[in-house]
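Notes follow the structure.
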Amino acid sequence: MKTSSAPGKPRAKAILISFEVPIREEFIMISMQGRNAVVFGVANKRSIAWAIAQRLSEAGAKLAITYQNERLKQEAHDMIVGLQGAEAFQCDVTKDSEIESLFATLKERFGHLDTLVHSIAYAPAEDMKADFLNTSREGFKMAHDISVYSLIALARAATPLMNNGGSIMTLTYFGAEKVMPSYNVMGVAKAALEASVRYLAHSLGPKQIRVNAISAGPIKTLAARGVAGFTEMLKAQADRAPLKRNVDVKEVADAALFLASGLSTGITGETIYVDGGYNIMGY
Ligand code: 0WD
């Protein structure tokens with residue numbers, strides 16, 4: 001599509017309208033220069049956390065990016081240190097000592113923190129596959145410890161460093177609200193996560209620290225592989241969502257940049273959907 005402009009006036013930038021490729025260029029203007037962020041949950045290059053880290057880095061943020069353990073170190077570490085303005089750290093969020101030592105290091109390195117991204121979830125495969133009625137006590141505890149309590153623990157550790165206010169965000173899924181076969185205990189954990197976002201928003205609001213969740217549509221990642229019937233979920237999403245397609249991980253990262261930026265200072269306690277509108281549909 002061509003645009004025309006009057007002689008002597010600067011030519012308007014052509015905007016391509018496409019039903020498949022979203023218009024993205026205008027988001028580049030959001031600047032995170034001078035801001036420090038910590039991103040949790042990079043397992044590999046497909047991780048949502050990795051797309052968010054890349055977006056924050058492009059916008060100029062200084063980044064600490066964490067991976068869980070030695071097993072993930074090989075792949076995650078090299079990727080992270082190759083990213084502009086990023087340092088890699090190991091942190092298993094089930095270990096208070098690792099959280100404490102990470103934040104002590106962040107205090108030394110950054111002084112203050114502006115953004116925290118929590119992109120972590122886990123439930124034992126047996127518990128996700130089983131009939132929900134048969135959820136084990138151990139699986140229930142583990143899913144809630146790793147996928148929910150970790151947000152509270154990380155928010156508490158970050159608060160003293162967010163002395164100019166800040167933005168905390170987590171990743172959730174629609175299975176928190178409606179039954180998704182084979183999401184099971186993770187759906188219950190996501191419901192608790194979304195409620196925790198609201199309670200944390202209330203707790204941290206007086207310090208101008210905002211807490212929000214992004215509810216993403218299904219995206220092929222390592223975690224997604226643990227969900228039986230994931231391909232059908234992708235298809236149902238694309239068929240039923242108003243946008244008639246799946247979401248791209250970059251669209252989730254754009255929403256994360258918005259939540260991290262000064263463009264969202266009035267928003268807290270919310271679950272923001274990046275799902276092509278799937279959640280509004282009644283059939
Ligand atoms: O369709 C999807 N992929 C969606 C994901 C749709 C909507 C929401 N989400 C959520 C997930 O539930 C999760 O909260 O997004 C978040 C990120 O998930 P992801 O990017 O899809 O998956 P992945 O790349 O696997 O990252 C999750 C990572 C873990 O990966 P693995 O697969 O190794 O369990 O969470 C991390 C780990 O790197 N993680 C931990 N990090 C620190 N300490 C721990 C832990 N104890 N346990 C898991």
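First listed ligand is number 1; within each ligand, the first listed atom is number 1.
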Starting from [atom], find the nearest protein heavy-atom neighbour and note its residue, name and distance.
atom: atom 32 (O) of ligand 1; answer: L222 CD2, 3.3 Å
atom: atom 13 (C) of ligand 1; answer: A121 CB, 3.6 Å
atom: atom 36 (C) of ligand 1; answer: I120 CG1, 4.0 Å
atom: atom 7 (C) of ligand 1; answer: T172 O, 3.2 Å
atom: atom 15 (O) of ligand 1; answer: L171 CB, 3.3 Å
atom: atom 25 (O) of ligand 1; answer: A223 N, 3.0 Å
atom: atom 37 (C) of ligand 1; answer: Q68 OE1, 3.7 Å
atom: atom 26 (O) of ligand 1; answer: G41 O, 3.6 Å

Margin query: Considering both backbone and side-chain atoms of F230, is one of its nitrogen or oxygen atoms within less than 3.5 Å of a nitrogen or oxygen in ligand 1?
Written below: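 Among all N and O atoms of F230, none is under 3.5 Å from an N or O of ligand 1.
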
Item checked: ligand 1 to T221 polar contact by distance, N or O atoms, under 3.5 Å ->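 Yes; at least one N/O pair falls below 3.5 Å.
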
Next item on the list: Report whether I168 and I267 are members of the same hydrophobic cluster (ILVMFWY, side-chain heavy atoms less than 4.5 Å apart, transitive linking).
Entry: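 They do not share one cluster, since no chain of ILVMFWY contacts under 4.5 Å joins I168 to I267.
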
Output yes when a side-chain donor or acceptor of [X] lies under 3.5 Å from a complementary backbone atom of [Y], and no otherwise.
X: T170; Y: A213; value: no
X: E177; Y: F174; value: no
X: R198; Y: N212; value: no

Against heavy atoms of [X], which atoms of ligand 1 measure under 4.0 Å?
X: S119; answer: 16 (C), 17 (C), 27 (C), 35 (O)
X: A216; answer: 6 (C), 7 (C)
X: C91; answer: 42 (C), 43 (N)
X: G217; answer: 1 (O), 6 (C)
X: S47; answer: 20 (O), 23 (P), 24 (O)
X: A43; answer: 24 (O), 30 (O), 38 (O)
X: P218; answer: 1 (O)
X: L72; answer: 38 (O)

Notebook entry, point to check: How would you list, by chain and number, every residue that makes a side chain to side chain contact (heavy atoms under 4.5 Å, CB included) with L234, sequence neighbours excluded?
Noted result: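 Scan of L234 (side chain to side chain contact (heavy atoms under 4.5 Å, CB included), adjacent residues dropped) gives P218, K220, F230, N246.
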
Is the contact between [X] and ligand 1 made by the side chain, the backbone, both, or neither, using heavy atoms and a 4.0 Å cut-off?
X: R71; value: side chain
X: D92; value: both
X: I48; value: both
X: S147; value: neither
X: K190; value: side chain

Checklist line | Ion pair R55/E58, N-O distance below 4.0 Å | finding: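 The answer is yes: the pair qualifies as a salt bridge.
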
Next item on the list: State plainly whether the residues D254 and K250 are in salt-bridge range, i.e. N to O under 4.0 Å.
Entry: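 Salt bridge: no.
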
Next item on the list: Decide side-chain hydrogen bond (donor to acceptor under 3.5 Å, both in side chains) for S57 and Q84; before the verdict, give the C-alpha distance in whole Å, the side-chain angles of both, and the deciding distance to 0.1 Å.
Entry: CA-CA 6 Å; S57 158; Q84 175 78 25; over 6 Å; no

Item checked: Distance, nearest 0.5 Å, that separates CE of M281 from CG of D275 ->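 The CG atom of D275 is 11.0 Å from CE of M281, to the nearest 0.5 Å.
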
Note to self: Measuring from non-hydrogen atoms of S215 to any atom of ligand 1, is the shortest distance under 4.0 Å?
What the structure shows: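 No, that is not the case, since the closest heavy atom of the residue is not under 4.0 Å from the ligand.
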
Note to self: Pair S136, D127 - check side-chain hydrogen bond (donor to acceptor under 3.5 Å, both in side chains), show working.
What the structure shows: CA-CA 7 Å; S136 70; D127 286 290; 3.0 Å; yes

Notebook entry, point to check: Under 6.0 Å from the NZ atom of K244, do we count more than 12 heavy atoms belonging to anything else shown?
Noted result: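 For K244, atom NZ is crowded (more than 12 foreign heavy atoms under 6.0 Å).
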
Next item on the list: Check whether more than 12 heavy atoms from other residues, nucleotides or ligands sit under 6.0 Å from atom NE2 of H112, and answer yes or no.
Entry: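 Yes, NE2 of H112 has more than 12 neighbouring heavy atoms, counting only those of other groups under 6.0 Å.
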
Check: Between R210 and S264, does a side-chain hydrogen bond (donor to acceptor under 3.5 Å, both in side chains) hold up when you go through it step by step?
Finding: CA-CA 9 Å; R210 301 178 294 109; S264 59; 3.1 Å; yes

Checklist line | Side chains of V38 and F110 in contact at under 4.5 Å (non-hydrogen atoms) | finding: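 No, too far: nothing below the 4.5 Å cut-off.
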
